[in-house]
Every structure is written in structure tokens, then in C-alpha cells.
Amino acid sequence: MRAVLLALALALPLAGGVALAQTAPEPEEPSILPAGDGQEETFYACTACHSTSIIRRSAFNREQWDGLMDWMVEKQGMNPLEPAARRQIVDYLAQHFGPRPAARGRNPFRE
Ligand code: HEC
């Protein structure tokens, strides 16, 4: 019975289930991430454990995102990504959530 309930709890939000909508937070959709190659892959690989907000507020270069994948696997229990998927996801993250200009100390009003 517990397994059935667990399966339901996992399946319903994925199916856009109505029954849990009142108690569960709004389910996120891939479109919450910027459009681009790797958007869906990133969404589905990364939202198994946390929402995208932790990703969207981050600003890392490619090397840092790549290192984060190791950290996520070693310390957080993420399933290792296939090399091709990892490349695509890290490329996507670095392109859309790279270091922000302000973080490098540039003043846009002086350029
Ligand atoms: C197996 C579960 C799991 C998966 C899958 C996962 N994460 Fe995480 N992630 C975590 C946990 C746990 C934390 C730590 C949350 C905290 O500190 O409260 C975390 C933290 C983070 C952080 C914050 C790091 C920091 O402290 O600055 C980022 C960014 C992040 N994850 C990105 C991703 C991305 C991108 C993916 C997809 C490639 C992903 N996560 C997939 C479990 C996961």
C-alpha cells in the first residue's frame, strides 16, 4: 500500500495531476528555464531533488558547473550523467547561468 501511495505521489505531479494540486507546490515546467539546447535535459536531470530556483540563482562558469556535477553525484547521490548528456547540460548551464557581468566587478554605467 505504501508503495502504491508513493508511486501515486510521484506520478501525479508528473502527469500534471489535479488531485494533489491543492497541497503540492505549483509543479515547475521545463519552460521555467531559458529556451535553448539542453533545456529539457537539464530540467529533468536536475529537478528530481530540488526546484530550478537553486539553479536559476547560480552563476558559475563551465568549469564550476562541471565540478558541481561531480559534487552532486558524490555528495548528493545524483545518478552520474552519460558523458554526452553531461556535456550538453553543462554547456547549457554555463551558457545561461554563467558568471554575471556584475560579479566580475564591471560597472555597466562606465563602459
Ligand atoms: C540526487 C539529488 C540531486 C540531483 C539529481 C541534483 N541535485 Fe543539485 N543539489 C542537491 C542537494 C541535496 C543540494 C544541496 C541543497 C542544500 O544545500 O540545501 C543541491 C544543491 C545544488 C546547487 C547549489 C550549490 C551551492 O551550494 O551553491 C546547485 C546550483 C545545484 N544543486 C544544481 C543542480 C543541477 C544543475 C542539477 C542537474 C544536473 C542538480 N543540481 C541535480 C541534490 C541534487
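Atoms within each ligand, like the ligands themselves, are counted from 1 in listed order.
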Indicate if the distance from atom 8 (Fe) of ligand 1 to the nearest N, O or S atom of Cys46 falls below 2.8 Å. no
Please check atom 18 (O) of ligand 1 for a protein heavy-atom neighbour under 4.0 Å. no
Is any heavy atom of the protein nearer than 4.0 Å to atom 25 (C) of ligand 1? no
Among Met69, Glu74, Lys75, which residue satisfies the side chain to side chain contact (heavy atoms under 4.5 Å, CB included) criterion with Trp71? Lys75
Atom 16 (C) of ligand 1 sits nearest the protein heavy atom Ile54 CD1, 4.8 Å
So which heavy atom in the protein is nearest atom 27 (O) of ligand 1, and how far is it from that ligand atom? Phe60 CZ, 3.9 Å
If you measure from SG on Cys49 to CE on Met72, what distance do you get to the nearest 0.5 Å? 8.5 Å
Metal proximity, Gln76 vs atom 8 (Fe) of ligand 1, N/O/S cut-off 2.8 Å: no
Give the residue and atom name of whichever protein heavy atom lies nearest to atom 10 (C) of ligand 1, and the separation in Å to one decimal. His50 CD2, 3.3 Å
For ligand 1, which part of Met72 has a heavy atom less than 4.0 Å away: the side chain, the backbone, both, or neither? side chain
Passes salt bridge (Lys or Arg N to Asp or Glu O under 4.0 Å), Arg86 versus Asp91? Steps please. CA-CA 8 Å; Arg86 176 168 172 155; Asp91 282 347; over 6 Å; no
What distance do Phe43 atom CZ and Glu28 atom CD have between them, rounded to the nearest 0.5 Å? 5.5 Å
Inter-residue atom distance Ser31.OG - Glu40.CD, 0.5 Å rounding: 9.5 Å
Would you mind telling me if ligand 1 is within reach of the side chain of Asn79, the backbone, both or neither, using heavy atoms under 4.0 Å? neither
If you measure every N or O of Trp71 against every N or O of ligand 1, does any of those distances drop under 3.5 Å? no
Distance under 4.0 Å to a non-hydrogen atom of Leu93: what atoms of ligand 1 satisfy this? 35 (C)
Within 4.0 Å of atom 8 (Fe) of ligand 1 (strictly less), any protein heavy atom? yes
Given the rule in the side chain to side chain contact (heavy atoms under 4.5 Å, CB included) test, do His96 and Leu33 qualify, once you have shown the distances and angles that lead to the verdict? CA-CA 9 Å; His96 295 282; Leu33 294 173; over 6 Å; no
Taken to the nearest 0.5 Å, the spacing of His50 NE2 from Ile55 CD1 works out to 5.5 Å
Please list, in number order, the atoms of ligand 1 under 4.0 Å from a heavy atom of Ser58. 29 (C)
Pull out every atom of ligand 1 sitting under 4.0 Å from any heavy atom of Met69, numbered as shown with elements. 35 (C), 38 (C)
Logged contact type for Thr42 with ligand 1, heavy-atom cut-off 4.0 Å, is neither
Identity and separation of the nearest protein heavy atom to atom 28 (C) of ligand 1: Leu68 CD2, 3.7 Å
